[in-house]
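On a predicted model such as this, the values are computed, not experimentally measured, just so you know.
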Amino acid sequence: MQKRGSKATMEVYMGICLTSRKSSYSFEMGYGGFNNLRTNICKVFDKELGEVYADTLFALNDPQNYTKRVNEILKDERFKDEDKDILDFLFASDCGGKCSYKTAKKIYDLIKDIDFGGKIFTYAAKTDGKDYENFKEFLKECYQKHRTIIWY
């Protein structure tokens, strides 16, 4: 995580930037880091779905059966209409997406008390080792100030 507006040299990375307009937070990560972030959120959201979601090799080697398995899990009545926006965040394209401040609140409420044990999802050379704590603050800022989360 790098604070915006800092006097850092311009460095270009191929990957994803997750932020919000007017936010002091900007999370730069590779596609693997973004997958790790969403996988950890998914595991908290639903254990069974999280296990399948985390199986990247299954998804890459057999995308039809992966999709079939995910859809079978999501048919369960434990998933409610109000869960749709969290699922939209989890399954949105890596190449560009957004979610509302209301979704930020739901994700925050889901993970606010979770200790991710120092896991990181941003570039290792750029992290302060507090990625998830910073992400929680970012989510709180987004819902309190009604800001849309974007990634590109």
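Summarising the geometry of Gly15 relative to Tyr123, their closest heavy-atom pair is CA-OH, 3.6 Å, with the distance given to 0.1 Å. Counting all heavy atoms, side chain and backbone alike, Phe27 lies closest to Asp131 at CE2-O, 4.1 Å. Across all their heavy atoms, Leu18 and Trp151 have their closest contact at CA-CB, 4.0 Å. Here the closest heavy-atom approach between residue Thr148 and residue Cys99 is recorded as CG2-O, 3.2 Å. Taking both residues in full, the closest heavy atoms of Ile120 and Gly129 are given as CG2-CA, 4.1 Å, listed atom of the first, atom of the second, then distance. The two residues Ile107 and Ile86 have their closest heavy-atom pair at CG1-CG1, 4.4 Å.
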Side chains of residues 90-98: which donor-acceptor pairs under 3.5 Å do they make with residues two or more places apart or in other chains?
{"residue": "Ser93", "atom": "OG", "partner": "Cys95", "partner atom": "N", "Å": "3.0"}
{"residue": "Asp94", "atom": "OD1", "partner": "Arg38", "partner atom": "NH2", "Å": "2.3"}

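At least one donor-acceptor pair closer than 3.5 Å links the side chain of Asn71 to the backbone N or O of Thr67. Remark: the backbone N or O of Glu77 is paired with a side-chain donor or acceptor of Lys80 at under 3.5 angstrom. Between the side chain of Arg147 and the main chain of Glu141, no donor-acceptor pair closer than 3.5 Å is present. A donor-acceptor contact shorter than 3.5 Å is absent between the side chain of Lys140 and the backbone of Lys112. Between the side chain of Asn40 and the backbone N or O of Asn36, at least one donor-acceptor pair lies under 3.5 Å.
To the nearest 0.5 Å, the span separating OG on Ser24 from CZ on Phe138 amounts to 9.0 Å. Here the straight-line distance linking atom CG of Asn134 with atom OG of Ser26 works out to 11.5 Å at 0.5 Å rounding. One distance of note links OG1 of Thr103 with CG of Leu87; it measures 10.5 Å at 0.5 Å rounding. Interatomic distance, NZ of Lys68 versus CD1 of Ile73, reported as 12.5 Å (0.5 Å rounding). Asp128 contributes atom CG, which lies 7.5 Å from atom OG1 of Thr122 (distance to the nearest 0.5 angstrom). Rounded to the nearest 0.5 Å, atoms OG1 (Thr56) and OH (Tyr66) are 7.0 Å apart.
For the pair Leu110 and Ile41, the minimum side-chain heavy-atom distance is below 4.5 Å. Taking 4.5 Å as the limit, every side-chain heavy atom of Tyr53 sits out of range of all side-chain heavy atoms of Val70.
Aromatic ring pairs are classed by plane angle as parallel below 30°, tilted from 30° to 60° and perpendicular above 60°; the pair Tyr132 and Phe135 is perpendicular. Ring-plane geometry between His146 and Tyr101 is classed as parallel, the angle between the planes falling under 30 degrees on a 0 to 90 degree scale with a further cut at 60. Taking the six-membered ring where tryptophan is involved, the planes of Phe34 and Phe89 are perpendicular, since the angle between them exceeds 60° and thus also 30°.
Residues satisfying the side chain to side chain contact (heavy atoms under 4.5 Å, CB included) test with Asp76, not counting sequence neighbours, are Arg78, Phe79.
Between Glu133 and Lys136 a salt bridge is recorded (basic side-chain N to carboxylate O distance below 4.0 Å). With respect to Asp85 and Lys102, no salt bridge is recorded, no charged nitrogen being found less than 4.0 Å from a carboxylate O. A salt bridge links Glu48 and Arg69; the closest N-O separation between the charged side-chain nitrogens and carboxylate oxygens is under 4.0 Å.
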task = Kindly determine whether Lys75 and Glu72 satisfy salt bridge (Lys or Arg N to Asp or Glu O under 4.0 Å), including the steps that lead there.
result = CA-CA 5 Å; Lys75 285 181 185 177; Glu72 286 172 1; over 6 Å; no
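Within 6.0 Å of atom CD in Gln64, 12 or fewer heavy atoms from other residues, nucleotides or ligands are found, so the atom counts as exposed in its surroundings.
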